[in-house]
Amino acid sequence: MSRKQSLDTICIQGGWKPKNGEPRVLPIYQSTTFKYETSEQMGRLFDLEEDGYFYTRLANPTNDAVADKICRLEGGAAAMLTSSGQAANMYAVLNICSAGDHIVCAATIYGGTSNLFTVTLKRFGIECTLVDPDAPEEELDKAFRENTKAVFGETIANPALVVLDLEKFAGLAHRHNVPFIVDNTFATPINCRPFEWGADIVTHSTTKYMDGHAMAVGGCIVDSGNFDWEAYGEKFPGLTTPDESYHGVVYTERFGKGAYITKATVQLMRDMGSIQSPQNAFLLNVGLETLHLRMPRHCENALKVAEYLKSRDDVAWVNYPGLKGDKYHDLAEKYMPNGTCGVISFGLKGGRAAAAEFMDRLKLAAIVTHVADARTSVLHPASHTHRQLSDQQLIEAGVDPAMIRFSTGLEASEDIIGDIEQALG
Ligand SMILES: *Cc1c(COP(=O)(O)O)cnc(C)c1O
């Protein structure tokens, strides 16, 4: 009897399974191509009649081992790596949407994803309706149209730190016969496994906690294999009718629970080519080997920092879903009882000017455009990522001009708090 392995063990040993005499550590298959004895053999690979590698744009053994590890951590059926989190979210949507289609998306999502969906995909003829994730279901129902093909949200929104009510959104998507796609970057599968709450597809910017050391940009898409594409075949003809660009293959018939990821690989990745380099996949795997140890420490440190900030008179507000009394604490307790993430946002009573002065005085925490790193890092959205907006426009975009995004690292909490203390003065 095989027992289901714990996430800790999968972090360390999942993915690469060396055979007798093979390297213990995942090798980097630094090769664009793979050699065959006969032309016939190679032909069968192109027809998808046999499994095998032929060109790294489609598949590479290093990448596959890492995708398999993430797939097991999420409890999925199939997974693929992409060159970035942006590419993961783009493929996750383009795999089931064409010009004339529509998606429903939580308004609080990451700015890069929001731009992709509402500006760039719009130019491709795909429309996106942004909805308030806290709105009641009757309100959310109104966002759906005949041509809606997916619902999208983030478990913990970057940087809004809104915890999504996963069951509510899964119910909503399924009532409208479409899949629920969740970007699980901030929580990671260590703290939340969206498939257990009804999500159908999970995406990641592996650039963040999974890598964890700010070394490599990357992304991942995991499919639960649970969405019944054939039951709503008229909505998803790309999966349920012959693909003429691949000898008439019908993905759902040939690949079952692997249909969605196979299509995204042999069609989208073939044509658009945003692959993760095997070198980056190797670095990502090293990060994953300690994800189960790092996440609890990020959360423990962040809670201490959030509590300290809360106790200060010069701090106007603190958002951290792990903090008791936070607007999203109850949802966090339900969906991620072991912890949320290491990112906190807060504002100083002195507003925008005080935020810039505070950040300039930090010594341990570095000003960087990044989050979810082992090193504590800090960013002022009004001066950096949202710099082109006026204070009024910032407020309309839901970004407080005073907001500081603080990504708590893995240093000793007393040193992080000491740094904040001296910078606040
Ligand atoms: C950073 C981020 C992305 C984009 O990922 P990249 O790897 O930077 O392309 C997408 N979603 C979330 C939640 C993120 O934090």
Side-chain angles (χ1 to χ4, degrees), residues 63 66-67 70 74 80-94 103 105-121 128 130 133 150 152-164 166 169 181-192 194 199 201-222 272-277 280-281 283-284 287-288 291 295 298 302 319 321 328 335-336 340-345 368-373 377-379 381 384-386 398-399 403 405-408:
N63 291 22
V66 182
I70 297 173
E74 288 287 5
M80 68 195 283
L81 299 187
T82 58
S83 57
S84 65
Q86 287 298 113
N89 285 330
M90 177 177 73
Y91 282 19
V93 168
L94 287 186
I103 59 173
C105 181
T108 42
I109 55 164
Y110 175 66
T113 313
S114 168
N115 251 320
L116 167 67
F117 290 173
T118 62
V119 181
T120 298
L121 289 192
C128 173
L130 297 178
F152 185 97
E154 291 171 4
T155 24
I156 309 173
N158 172 13
L161 302 175
V162 169
V163 176
L164 198 66
L166 297 172
F169 269 74
I181 307 173
V182 176
D183 181 332
N184 194 31
T185 297
F186 265 26
T188 83
I190 299 304
N191 286 340
C192 183
I201 292 148
V202 160
T203 61
H204 282 281
S205 165
T206 61
T207 318
K208 312 294 166 55
Y209 289 114
M210 283 193 170
D211 169 305
H213 303 78
M215 292 186 296
V217 174
C220 184
I221 309 173
V222 188
M272 298 179 181
S274 321
I275 53 150
Q276 185 161 136
S277 82
N280 281 1
L283 292 171
L284 168 57
L288 287 167
L291 186 65
M295 286 313 290
H298 276 295
N319 280 343
Y328 295 100
Y335 294 116
M336 35 203 107
T340 53
C341 65
V343 182
I344 296 169
S345 65
V368 294
T369 307
H370 192 52
V371 286
D373 183 6
S377 50
V378 68
L379 185 92
H384 306 136
T385 47
H386 296 66
V399 176
M403 181 206 273
R405 186 175 73 175
F406 194 89
S407 173
T408 318

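Position 1 is the first residue of the sequence, and the numbers go up from there. The figures here come from the full heavy-atom set of this structure, side chains too, leaving out hydrogens, waters and symmetry mates. In listed order, ligands and their atoms are each counted from 1.
- Inter-residue side-chain proximity for Thr82 and Cys220 is flagged as unmet; no heavy-atom pair is nearer than 4.5 Å.
- Across His298 and Thr408, no two heavy atoms sit closer than the pair ND1-O, 2.8 Å.
- In this structure, Leu379 and Thr369 have side chains that are in contact, with non-hydrogen atoms separated by less than 4.5 Å.
- For the pair Asn191 (side chain) and Met336 (backbone), a donor-acceptor distance under 3.5 Å is absent.
- Of the inter-residue distances, the one linking Tyr335 atom OH with Tyr328 atom OH reads 13.0 Å to the nearest 0.5 angstrom.
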>> For a side-chain contact (heavy atoms from CB on, under 4.5 Å) check, start with the C-alpha distance between Leu284 and Ile70, then their side-chain angles and the critical distance, and finish with the verdict.
In response: CA-CA 10 Å; Leu284 168 57; Ile70 297 173; 4.2 Å; yes

Which atom pairs, nitrogen or oxygen on both sides, join ligand 1 and the protein at under 3.5 angstrom?
unit_1	atom_1	unit_2	atom_2	d
ligand 1	5 (O)	Ser205	OG	3.0
ligand 1	7 (O)	Gly85	N	2.9
ligand 1	7 (O)	Ser205	OG	2.8
ligand 1	7 (O)	Thr207	OG1	2.6
ligand 1	9 (O)	Gly85	N	3.1
ligand 1	9 (O)	Gln86	N	3.0
ligand 1	11 (N)	Asp183	OD2	2.7
ligand 1	15 (O)	Asn158	ND2	2.8
ligand 1	15 (O)	Lys208	NZ	2.6

